[in-house]
Amino acid sequence: AELGYTDDQRLYVCAQNLMKLHPDFDDILNGILQRDPAATIVLVESKTSRQAKRLRERFATTLYGNADRIQFRPRMEFDEYLSLLSVANVALDPLYYGSGITAYEIFCCGVPLVTLPTQFRRGRFVAACYDKIGLMDCVAFSAEDYVRIACSIAESPQNRAAISETIRANSDRLFCDEAAVTEFERALHVMLGNNP
């Protein structure tokens, strides 16, 4: 309620920089809005208003009457941002250029983050995180599957809770992996010409 939402809304939060929202992602957003009549898709505005303005114009033509269920939230302080993530029914990873640091923020809140891995590394980061924690329930294999997974999580508190618990129970594999730090340190030594 403090964030302005009601219990009958289901929040699908895409907390990414708006420049990452490729037009192909519009079909997924529209699929969610068509399948879930209680869905509100929440986006966070950029520092400049131009991106949100352009997206609103694009959504008016690509979301076929559902554009009014997309909410653009103004940029916020970090604690409010984490509060927004925490109340999301589900988080959405955009296509092609997905989450990085934002994925860690979302996982820190224990929120299911749906993803569709694409060809290049920049679109596969979230799937790699899920692979590391041994949870592939939120990794889609097609746009239709993405919509199905996102809606099934948002519509089922029990499903969401089970996924959230698995994320929390295995988060040390993401946040406490010293092997990644050691390998990064070794690579820096090699690039600098030092022998570690």
Side-chain angles (χ1 to χ4, degrees), residues 1 3-18 20-22 24-44 59 63 66-67 69-73 76 80-118 123-171 174:
L3 292 170
Y5 300 111
T6 60
D7 290 339
D8 60 347
Q9 287 178 287
R10 283 193 280 267
L11 303 181
Y12 296 74
V13 176
C14 184
Q16 293 298 310
N17 187 312
L18 297 181
K20 292 185 177 183
L21 301 189
H22 190 281
D24 289 351
F25 193 52
D26 295 8
D27 288 338
I28 289 174
L29 298 179
N30 194 53
I32 290 169
L33 293 169
Q34 288 181 339
R35 180 169 171 152
D36 183 357
T40 297
I41 293 174
V42 182
L43 306 175
V44 179
F59 290 157
L63 299 187
N66 288 316
R69 293 166 57 206
I70 303 274
Q71 181 197 48
F72 289 83
R73 284 193 73 94
M76 57 202 93
E80 185 181 357
Y81 164 73
L82 290 179
S83 294
L84 173 65
L85 293 181
S86 295
V87 300
N89 295 91
V90 65
L92 306 176
D93 189 37
L95 297 177
Y96 309 126
Y97 190 177
S99 303
I101 292 172
T102 306
Y104 284 112
E105 294 164 349
I106 291 167
F107 288 138
C108 185
C109 294
V111 176
L113 174 60
V114 180
T115 189
L116 174 58
T118 50
R124 304 183 68 82
F125 184 82
V126 173
C129 288
Y130 276 126
D131 184 55
K132 192 158 185 67
I133 64 175
L135 174 68
M136 301 306 283
D137 300 40
C138 300
V139 180
F141 59 84
S142 67
E144 295 77 15
D145 194 41
Y146 188 117
V147 171
R148 180 192 62 77
I149 292 169
C151 292
S152 68
I153 293 169
E155 293 168 358
S156 171
Q158 296 83 5
N159 189 14
R160 183 195 186 281
I163 293 170
S164 294
E165 178 54 35
T166 302
I167 291 169
R168 287 190 177 99
N170 296 287
S171 64
L174 291 177

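In this chain, numbering begins with 1 at the start of the sequence shown.
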Any residue meeting side-chain hydrogen bond (donor to acceptor under 3.5 Å, both in side chains) with T166, in chain and number order, not counting sequence neighbours: none

Pair T40, Q9: side-chain N/O donor-acceptor within cut-off below 3.5 Å: yes

Of all pairs that satisfy salt bridge (Lys or Arg N to Asp or Glu O under 4.0 Å), the ones with a partner from residues 123-144, not counting sequence neighbours: K132-D177

Criterion side-chain contact (heavy atoms from CB on, under 4.5 Å) on L84 and V42, from CA distance to verdict: CA-CA 9 Å; L84 173 65; V42 182; 4.2 Å; yes

Closest non-hydrogen atom pair, A127 against T115: N-CG2, 4.0 Å

Any donor-acceptor N/O pair, S142 side chain to D145 backbone, under 3.5 Å: yes

Please tabulate, for the side chains in residues 150-157, all donor-acceptor contacts under 3.5 angstrom to protein atoms that are two or more places apart in sequence or on a different chain.
unit_1	atom_1	unit_2	atom_2	d
S152	OG	R148	O	3.2
S152	OG	I149	O	2.9
S156	OG	N159	N	3.0

pair Q16-F25: side-chain heavy atoms closer than 4.5 Å: no

4.5 Å side-chain heavy-atom contact, L33 and Y12: no

Ring pair (Phe, Tyr, Trp, His ring centres under 6.0 Å) partners of residues 95-114, not counting sequence neighbours, each pair once: H22-Y96, Y104-F125, Y104-F175, F107-Y130

Between CG on residue L85 and CG on residue L11, distance to nearest 0.5 Å: 11.0 Å

Test log, rule side-chain contact (heavy atoms from CB on, under 4.5 Å), inputs L29 and F59: CA-CA 10 Å; L29 298 179; F59 290 157; 4.0 Å; yes

Residue pairs passing the salt bridge (Lys or Arg N to Asp or Glu O under 4.0 Å) test where at least one lies in residues 33-44, sequence neighbours excluded: R10-D36

Pairing residues for N17 by the side-chain hydrogen bond (donor to acceptor under 3.5 Å, both in side chains) criterion, not counting sequence neighbours: none

Minimal non-hydrogen separation, V90 against P112, with atom names: CG2-O, 3.5 Å

Straight-line distance of I41 CD1 to I32 CD1, nearest 0.5 Å: 5.0 Å

Residues that A88 engages under side chain to side chain contact (heavy atoms under 4.5 Å, CB included), provided they are two or more places apart: V13, V111

Any V44 side-chain heavy atom under 4.5 Å of M76 side chain: yes

Pairing residues for L116 by the side chain to side chain contact (heavy atoms under 4.5 Å, CB included) criterion, not counting sequence neighbours: L95, A140, Y146

Partner residues of S171 under the side-chain hydrogen bond (donor to acceptor under 3.5 Å, both in side chains) criterion, sequence neighbours left out: none

Short side-chain to backbone donor-acceptor contact, K20 and P94, under 3.5 Å: no

Set of residues satisfying side-chain hydrogen bond (donor to acceptor under 3.5 Å, both in side chains) with respect to E80, sequence neighbours excluded: R73

Between CG on residue L21 and CG on residue D26, distance to nearest 0.5 Å: 8.0 Å

Separation of N30 CG from I70 CD1 (nearest 0.5 Å): 8.5 Å

Non-hydrogen side-chain atoms of C109 and L82 separated by less than 4.5 Å: yes

Nearest-0.5 Å distance, CG of residue D93 to CG of residue L113: 5.0 Å

